[in-house]
Every structure is written in structure tokens, then in C-alpha cells.
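Accompanying notes for the structure given below.
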Amino acid sequence: MDKVYQHQETEGKWSSFWEKQGYFTPEINPKKKPFTIIMPPPNANGELHVGHALFVTLQDILTRYHRMKGNSALWLPGADHAGIQTQVVYERILEKQGKTRYDLGRNEFYAQVYDFTLKNKEVMEDQLRRLGASCDWSREKFTLDPAISKAVYLTFKKLYDDGLAYRGERMINWCPRCTTALSDAEIVHQEKEATLWFIRYPLIQETEKAGQCVPLKEKFIVVATTRPETMLGDTAVAVNPDDKRYKNLIGCKAYVPLISREIPIIADNSVDKKFGTGAVKVTPAHDPTDFEISERHNLPKIQIIGFDSKVTAEGKRYAGLKFNEARRQILEDLKKEGFLEKEKPYLHSVGRCERCNDVVEPLISLQWFIKMKPLATLAIRAVKEGKIKLLPRRFEKVYYQWMENLRDWCVSRQIWWGHQLPVWYCGTKGLSDLQRRLNDIAETPGCGEVIVAAEKPSECPKCQNAKLIQDPDTFDTWFSSGQWPFTTLGWPKQTSDFQYFYPTSVMETGYDIFFLWVTRMIVLGLYCTGQVPFQTVYLHGIVRDAKGQKMSKSKGNVINPLTVADQYGADAVRMALVFNTTPGNDQNLGEDKIRGMRNFTNKIWNIARFVIDFKPDSYETGITKTLQAEDKVILEELKKTQEKVTKSLENFRFSEAAQTLYQFIWHQFADIYIEKAKSRRAETQAILEHVLKVSMELLHPFMPYVTEEIWQKLPHQGKSIMVAPWPK
RNA sequence: GGCCAUUUAGCUCAGUUGGUAGAGCGCCACGUUCACAUCGUGGAAGUCACUGGUUCGAGUCCAGUAAUGGCCACCA
């Protein structure tokens, strides 16, 4: 044995050995208890980062532990097409070639992105293997696999038939760069220095009801806004009904300056008396609150900013201008005509597209939605009844809050990369103008019937027209990944996998996608299968750099897990990622820590050298000799370690288990026992071998490679430590 | 505006039934024949953010304060 542990020479070897032996593929055995983890599918648009390495480590620990315990342990890997994110990534690649997706056209673009994701997927698979992931490649899935897609279509049809999926004109978040609607969960709010403009809306004396309306002294009602250009779409001014300043004006009318539209002054409780002037301009087509006010008061909704961010024809003389140019022009005109009373700096938050960072525009649009109230009720109950446990527990509170305040989920996206909606229209009549324009669809006749079906219908059931047009939109990527825990197991077919492995045991993922993903899996899992998708949710934190800064390419502080795995060994990287960490909290990872764990692997290696390289003529193979005090102590400590590690793992306390093993192996076994054993070498050999073997078995889930390498050199009947029984 | 987390040795962090403070890294001294210098032995180092309370006893439970970070929300 070498003096220094050479991870390069062992890690690749064992990884392929395990896979060839079929150890990653569990058997469906009714006598065994299943243990299932569905891997959060990495987005197939890049390489693995250190966050992936963390989930690989935690999930592999659980899988290896339960496999050794004798369960049928399935860890099912996969990859996510990652709709909008991948589309944005690929469009950036095209941009460098001076192209847009429109230059390629929908089919060619889809083909190229498909190719791109498959290549990334392969790279990621190798990287997962490299990190020691013992997942079952024979069951690997991709979100765009035909069977998975079909399940997704069926779910949508089921929702539609149950009245839970509907198409409607609602206020959505529009990303002008991605040219698509987004759900609320995909919006990132950011503080921004802005200006609050105070604009005078001239009052109109109501002649018929003379005397009822008492105009203000200045004959204006002043409103405050951060977006003056939206005044083009104002259809009311709202005040709080209890606001004494404006009480006499309720029911009166005012002019929108510059365009001279006559609008009512109305009372609505949503208006905050203390904000600005206490009077707010109402732009129903471009603000969610205003939209709701307009619904309550039956106000018209005038869209004045189009999907192209330009002012529409409704904007009269400002039509055709980009919204920001229109803003400048309008401010200039307001000033010139004396309608701008004052301005003041104001800090407020703007919504941005999570993927491309463009400012989103609230717009009314015809989209598909999922009704969330009834689904959320199921989801809340599942957690309340303890059918799903969230770790750490504190996430239950935010879970309930989120579920209780859900708005309907907009699931249609005007992007090309993803599952196209299983909706067909008889002729182009059913398509929105937006859809026709974005996809350059020529008009074809038809009765306008809307058909939702898992497969393309041959003709319109109403008028027998065979020229049906599929909805060009694609699903929110989280709609398909929200069904991942059961579509991967064959649902809706009652496959043996589904029956045996579902509901899954643990969902292990980052808290950063808790709302985007975990909540949706719970909702859709309960709805589709009638069972919880998983029993325990373990949420890990973000891996930051050594100083606690978020890793990013631009900062240059990224730790590439594969690079450090090559340098220090995958075992060291894995151990560093669980050592001294807690669920739900971020952790800092520096190279020092990984180096320290590399030293630990080397320590283990040298313990093994000491134990294994000893070649006496003969020695007792069993632990039968009268035991000395130190022998009793180490065996007792080993027993305690075994019990503690088992208990820690049962309770998802990975760090505690890792520290227990580290302390035992290094400081009790090596520093104390081995030192003492040196003076009575031959009679301790059996104990040394035993303690080493059990230590390796306990440590195996954490550091699979070095433990296998050493275990193989020890006397035993087994073929691999991976399938050795968990020490009792 | 609401909610949550964090605050423990120079640094990064563990500490789950409340019982004399722990780890890794770093630091100091010594030690290279006999598994390992990717090492060993020994050592210095903390009034566990602050204030009050419960308790025989609190880093650990309760109330409040402060600082930092995060999440959620329709702040015009």
C-alpha cells in the first residue's frame, strides 16, 4: 500500500464496478421495505455546480444507508428540460452568433435546444457518477420523455375536466424580453430608486347635480404615481371612503390631463389615506390592485402598453413610443401644461423576470390558469395531519402562509421550449392575437371550439372540421416537474414501480425552490395520485464561499465540485459538504475545509495500512483473547459510535453522524487505541481488523470510495461494502 | 407592512429531551526510526449579542432589545 492515499486510482474503479454489479438497481421485493428518493432533476443547460454536489451527497448518504440496512433503496435520477431557463441560456448562445430564435424558427430552434440539452444531460450524468452517486441509471428519466409528457398532458386534461384548469383574461406578469407570461413565483422583486410624480387631474363641475360636488380650491385632484405613462390608461381616480379631504368629491368627475378623458372619482377601501395625496389614479390594465378596483367598480380596462412594450393606439398621440420614451414625453408635456405639481425621490420595488432580469409589465392577457384554492386545501391538510413532514420544521409556517394566500397559477408560457399545451382550437379563431402574432400563424376558418385532449383529436367534435390548430403555448416548466415524483415511476399507469416505490420516502432539495417546486409537487401529487408524493421533505441551504459570499462566476469565487473532486477526491468533497452543517441554513465552503477532509481520507488510509500491512506468522482471527482494558474501551466506543451514527441518520442529522465518525476514527481509534496496540500487536490484530471494518461500513455512506477500497482488503465474505449489512 | 433565521474560541460553524462549553481551520511549544508531516504530543483561547424572567441549575425554555441576513406582500 502506498504511503499516501491516491484517490485518482480508486474512485473511478469502484464507481464503474458498482454500476456493473447492478447494485444501484433495487429489486421489487414485497418482503423488503422500499426506500425511495426521486432526484431533483438538474437543469440540462449547464454543468453541475457545488449545490448539486450537496444534494448528491445528502441523497447518496440516505440511499446507501438504507440499502445497507436491507431496504430496497431506489434513487431515481433524471434531468429537467427547464423551460424558460434553458430557452434564455440558448438564446444567449444564439445572440453571440448574432441570431435570435426567430431567425431559426420554432422547429429548428426546438431541435437545436433539444440537442443542446441532451449533450448537457450526458455531461451531468458522468459528473454525478464521478461524485459517487449510487442512483439507478436504468430508471433514469427526462422531463420530455414521451411517457412523461403524456402523463403531463393527462394531468392537464384531468384538471380541465374537473373545472380546475381554465382559460381566461387575467392580469399576468409579462416579460418583454422573454415575450411570455410568468407566474407570481417567477418574479423577483428588487428595490429601485425611483421618482414619485404628483400630477394634477382637473375637476369637472357636475352641472346636473350642482352643489353636490365641491371642487378643491385649486380645482384639481392630485394623484401620485411612479409610472406617469400609465395615465393614458386611467379610468378612475380612487380615494379612501373615510378620507375627509375627498368626501365631497366622490361621485364627481375629473379629466385625465393631456388626453382629456373623463373619469369618475370613486371610493375604495384599498386606498391608503396616508400614501402620497391619498388619491390614486386607477389603471386597471397595468396594475394588479387597480385591476381589482376596476372589477369592484365596473370600470373599463384600457390597455395602453402592448406586449412589445410600446404605447398602443389607445395612447393617442403617444402611440408607438416605447413606454419609457412615452414617460419622458408625457412628463415634459405635463410640465409644459402645468399639470405636474411636484416630484420626489422614492424607493420602491419593481418586479423582474427571474431568468433574464428584465422588468416585468403587469398586463391583461388570455392565458391558461390552474384554480389553486381547492388544491391548496388538500395540500394544507396533508402537512397538518403529519402525512408530510418538513425539515427543518419551521418551513411549515411559511408553507401554510403561502398555501393560504395563493392566487391562481398561470401555466401557459409563450415560449417554444417545453411541453406544448394539449389544447386544440377549431380554426385560428380561438387563438389570441398575441399568439397569432408571436407565432406568425395565418388565419384559418373554424367554429372556434376549444378541445383539451391528451392526444391530438382527428376533427372538431362540433363541426367536424379536421383543421385543428394546437395552442402554440408551452407549460410552465414547474407544471411538469411538479409531477416528477410520480410520472418518473410510471403514473398514470399502475406500474409495479409506482405501486412499490410510491409514495416516495424523502424529497431532498434546496429551500430556494421550496415555493416554486416543493409546494407544486405536494399539490399535484395529492391531486393526481390521491396520496402524498413523499413523506419527508429535507431542505438544504445554499453553499456559499469561504467568506459567506454567494458563489458567482463574475465574482470568481466559484468552487467547481468536479475540479476539487479531482484534486482532493470525491470523498473529501462529500465529507466537507456535510461536516458541521445544518438543514435549512446556508453553509460556507472553502478549499481549506475540503483539504482537511482529504487529510482525513489519508488518515483512514494509513490506519488501514497499519492494520492490513501487518503480516505475522499467525494470529487469533476471532476476538477471543482475554481483553485488556483498552480493548474493552475501543469496542465499547465502537458500539456507541454505531448506535449514535444510526440514530443520527434516522433523524437526518448528517453532520452529527459525520462528526461522530470523524472523532471516533481519528481520535479514539487512531490516536489512542492504535498507539496502545503497538506494544501488543499480534493479540490486537483481530480487534483492529474488526474496528476498522465496522468503521468503514459506518462511514461508507459518507465516503464511499475510500471505504470500499479498504474494506476490500479486509477479511470477509462479502463482495462489496455497498451491499454489506449495516452494523448492528 | 408581515414572517423567519442568525448572533457560541482569531476565522467558519456544531451543540434536539436544560445539568461542569465543542469541532475543523488558524495560533504557540516540542517532536521526523518503528501507519500517516495530508503527522504526533502538549498548550493558549469563549461572562455562548444584550436585558429581564422561569428553574436547585439556561448556550439550551419564556418575554423584550439590538445588529445582520433572508422570505412573503397589490408600498399607487
Side-chain angles (χ1 to χ4, degrees), chain A residues 1-5 171 184-185 187-189 191 194 196-198 223-228 230 234 237-238 270-272 274-283 286-293 346-351 362 392-395 397-398 400-402 405 407 511-512 514-515 541-542 544-548 550 568-569 572 575-576 579-582 584-614 647-648 651-653 655-656 658-660 662-663 666-667 670-671 674-675 677-679 681 688:
Chain A
M1 289 174 78
D2 271 329
K3 207 170 164 183
V4 170
Y5 175 60
M171 177 135 292
D184 296 338
I187 305 304
V188 182
H189 289 275
E191 291 263 284
L196 197 57
W197 311 92
F198 291 76
V223 299
T225 181
T226 53
R227 302 191 56 193
T230 61
D234 284 357
V237 170
S270 69
V271 180
D272 179 359
K274 284 178 245 135
F275 189 91
T277 60
V280 57
K281 56 194 268 326
V282 181
T283 320
H286 298 286
D287 182 278
T289 313
D290 293 3
F291 180 86
E292 279 166 27
I293 293 176
Y346 179 60
L347 194 69
H348 78 145
S349 79
V350 291
R393 286 289 300 272
R394 66 181 130 94
F395 278 88
K397 192 165 180 179
V398 302
Y400 294 132
Q401 279 175 0
W402 195 79
N405 295 301
R407 296 204 308 169
Y511 70 74
D512 51 326
F514 182 69
F515 296 123
I542 295 164
R544 299 167 178 276
D545 76 0
K547 291 177 207 148
K550 218 166 176 174
Y568 302 108
M575 197 63 171
F579 205 84
N580 227 357
T581 63
T582 41
N585 290 332
D586 295 349
Q587 64 163 301
N588 299 348
L589 181 73
E591 231 174 289
D592 279 353
K593 194 172 177 189
I594 301 169
R595 201 177 296 122
M597 292 305 155
R598 186 274 317 266
N599 295 352
F600 180 52
T601 51
N602 194 54
K603 186 75 190 177
I604 295 168
W605 179 254
N606 278 288
I607 292 169
R609 267 207 325 145
F610 175 79
V611 175
I612 292 161
D613 281 355
F614 179 63
K647 198 177 165 198
S648 299
N651 292 301
F652 299 92
R653 301 205 285 259
S655 174
E656 192 179 84
Q659 300 214 31
T660 303
Y662 186 99
Q663 291 306 316
W666 199 317
H667 300 304
D671 288 350
I674 287 182
E675 289 308 317
K678 281 176 181 170
S679 58
R681 193 66 176 80
L688 286 166

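The basis for the numbers below is simple: all heavy atoms, side chains too, and nothing from hydrogens, waters or symmetry mates. Letters A, B, ... are given to chains in the order of the sequence lines, protein chains preceding strands, and every chain is numbered from 1.
- Side-chain atoms of A:Ser349 do not come within 3.5 Å of backbone N or O of A:Glu191 as any donor-acceptor pair.
- Rounding to whole angstrom units, CZ of residue A:Phe600 and P of B:U38 are separated by 18 Å.
- A gap of 38 Å separates the C1' atoms of B:A49 and B:G40, to the nearest Å.
- In this structure, A:Arg595 places its CZ atom 11 Å from P of B:U38, rounding to the nearest Å.
- Note: CH2 (A:Trp402) to C1' (B:C72) measures 11 Å, nearest angstrom.
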- Given the rule in the side-chain contact (heavy atoms from CB on, under 4.5 Å) test, do A:Ile674 and A:Ile607 qualify, once you have shown the distances and angles that lead to the verdict? CA-CA 8 Å; A:Ile674 287 182; A:Ile607 292 169; 3.6 Å; yes
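- A:Asn588 places no side-chain N or O within 3.5 Å of a backbone atom of A:Lys547 that could act as its donor or acceptor partner.
- Within the 4.0 angstrom heavy-atom criterion, base atoms lie near A:Ala670.
- Within 4.0 Å (heavy atoms only), A:Thr582 reaches sugar-phosphate atoms of the nucleic acid but no base atom.
- Taking every side-chain heavy atom of A:Asn585 into account, B:A5 is the closest of B:C3, B:A5, B:A76.
- Between A:Asp671 and A:Lys397, it is A:Lys397 whose nearest contact on RNA chain B lies nearer the 5' terminus.
- Taking the side chain of A:Arg394 as heavy atoms from C-beta on, and the options B:A35, B:C4, B:A14, the nearest nucleotide is B:C4.
- Between the NE2 atom of A:His348 and the C1' atom of B:C75 there is a distance of 9 Å, given to the nearest Å.
- No engagement by A:Ile612 is indicated, since no non-hydrogen atom pair under 4.0 Å with the nucleic acid exists.
- Counting non-hydrogen atoms under 4.0 angstrom, A:Asp272 reaches a base of the nucleic acid.
- One P atom belongs to B:C34, the other to B:C27, and the distance between them is 25 Å to the nearest Å.
- A:Val398 comes within 4.0 angstrom of nothing in the nucleic acid, heavy atoms only.
- Between B:C13 and A:Asn588, a contact under 4.0 Å exists linking OP1 or OP2 to a side-chain N or O.
- Spacing between B:C4 and B:G18 at atom P, rounded to whole Å, works out to 22 Å.
- Summarising the geometry, the separation between NZ on A:Lys678 and C1' on B:C36 is reported as 9 Å, rounded to the nearest angstrom.
- Looking at heavy-atom distances under 4.0 Å, A:Phe515 makes contact with sugar-phosphate atoms alone, never a base.
- Note: A:Phe275 and A:Tyr346 meet the aromatic proximity criterion, with ring centroids under 6.0 Å apart.
- Nucleic acid contact class of A:Val282 (heavy atoms, under 4.0 Å, all strands): none.
- Of the candidate nucleotides B:C74, B:C36, B:U41, B:C74 has the atom lying nearest to any side-chain atom of A:Thr289.
- Comparing B:U38, B:C75, B:A35 by their nearest atom to the side chain of A:Arg609 picks out B:A35.
- The main-chain N or O of A:Arg653 is never found under 3.5 Å from a side-chain atom of A:Asn651 such that the two would form a donor-acceptor pair.
- Judged by atom type and distance alone, A:Lys603 reaches the base of B:C36 through a side-chain donor-acceptor pair under 3.5 Å.
- B:G24 and B:G43: their P atoms are spaced 15 Å apart (whole Å).
- Here B:A35 is the nucleotide among B:U38, B:C13, B:A35 with the atom lying nearest to any side-chain atom of A:Phe610.
- Checking A:Thr601 against A:Lys603 by side-chain atom types alone, no donor-acceptor pair falls below 3.5 Å.
- A cation-pi geometry, defined here as NZ or CZ lying under 6.0 Å from the six-membered ring centre and within 45° of its normal, holds between A:Arg681 and A:Phe610.
- Judged by distance alone, with hydrogens and angles left aside, the side-chain atoms of A:Asn606 form no donor-acceptor pair with the main-chain N or O of A:Arg609 at under 3.5 Å.
- A:His286 places its NE2 atom 15 Å from the C1' atom of B:A76, with the value rounded to the nearest Å.
- Annotation: B:C13 and B:U8 have their P atoms spaced 9 Å apart (nearest Å).
- Taking the six-membered ring for Trp and thresholds of 30 and 60 degrees, A:Tyr662 and A:Phe600 have ring planes inclined between 30 and 60 degrees apart.
- Atom P of nucleotide B:C72 and atom CZ of A:Arg407 are separated by 14 Å, given to the nearest angstrom.
- Comparing the P positions of B:G52 and B:C11 gives a spacing of 26 Å, expressed to the nearest Å.
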N/O contacts under 3.5 Å, protein versus nucleotides 23-27 of chain B?
residue : atom : partner  : partner atom : Å
B:A23   : O3'  : A:Gln663 : NE2          : 3.3
B:A23   : N3   : A:Asn580 : ND2          : 3.2
B:G24   : OP1  : A:His667 : NE2          : 3.2

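- Taking only distance into account, the side chain of A:Gln587 never meets the base of B:A14 through a donor-acceptor pair shorter than 3.5 Å.
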- Would you sketch RNA chain B in dot-bracket for me? Only Watson-Crick or G-U wobble pairs with both distances under 3.5 Å count, crossing pairs as [ ], other-strand pairs as |, the rest as dots. (((((((..((((.....[..)))).(((((.......))))).....(((((..]....))))))))))))....
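- Checked by atom type, the side-chain pair A:Ser655/A:Asn580 shows no donor-acceptor distance below 3.5 Å.
- For the residue pair A:Arg227 and A:Pro362, the shortest heavy atom distance occurs at NH1-CD, 4.1 Å.
- For the C1' atoms, the distance linking B:A14 with B:C56 amounts to 29 Å, nearest Å.
- Here, B:G26 and B:G10 have their C1' atoms 7 Å apart, quoted to the whole Å.
- A donor-acceptor contact shorter than 3.5 Å is absent between the side chain of A:Trp402 and the backbone of A:Lys397.
- Here A:Arg653 lies in heavy-atom contact (under 4.0 Å) with a base.
- When the P atom of B:A76 is taken as reference, atom CD of A:Glu292 falls 14 Å away, rounded to whole Å.
- Between A:Tyr5 and A:Thr226, the one whose closest nucleotide on RNA chain B sits nearer the 5' end is A:Tyr5.
- Among the heavy atoms of the strands, none lies under 4.0 Å from A:Lys547.
- Formation of a donor-acceptor pair under 3.5 Å by the A:Asp586 side chain with backbone atoms of A:Ile542 is found in this model.
- Contact between the side-chain N/O atoms of A:His189 and the OP1/OP2 oxygens of B:C72 is not found at any separation under 4.0 Å.
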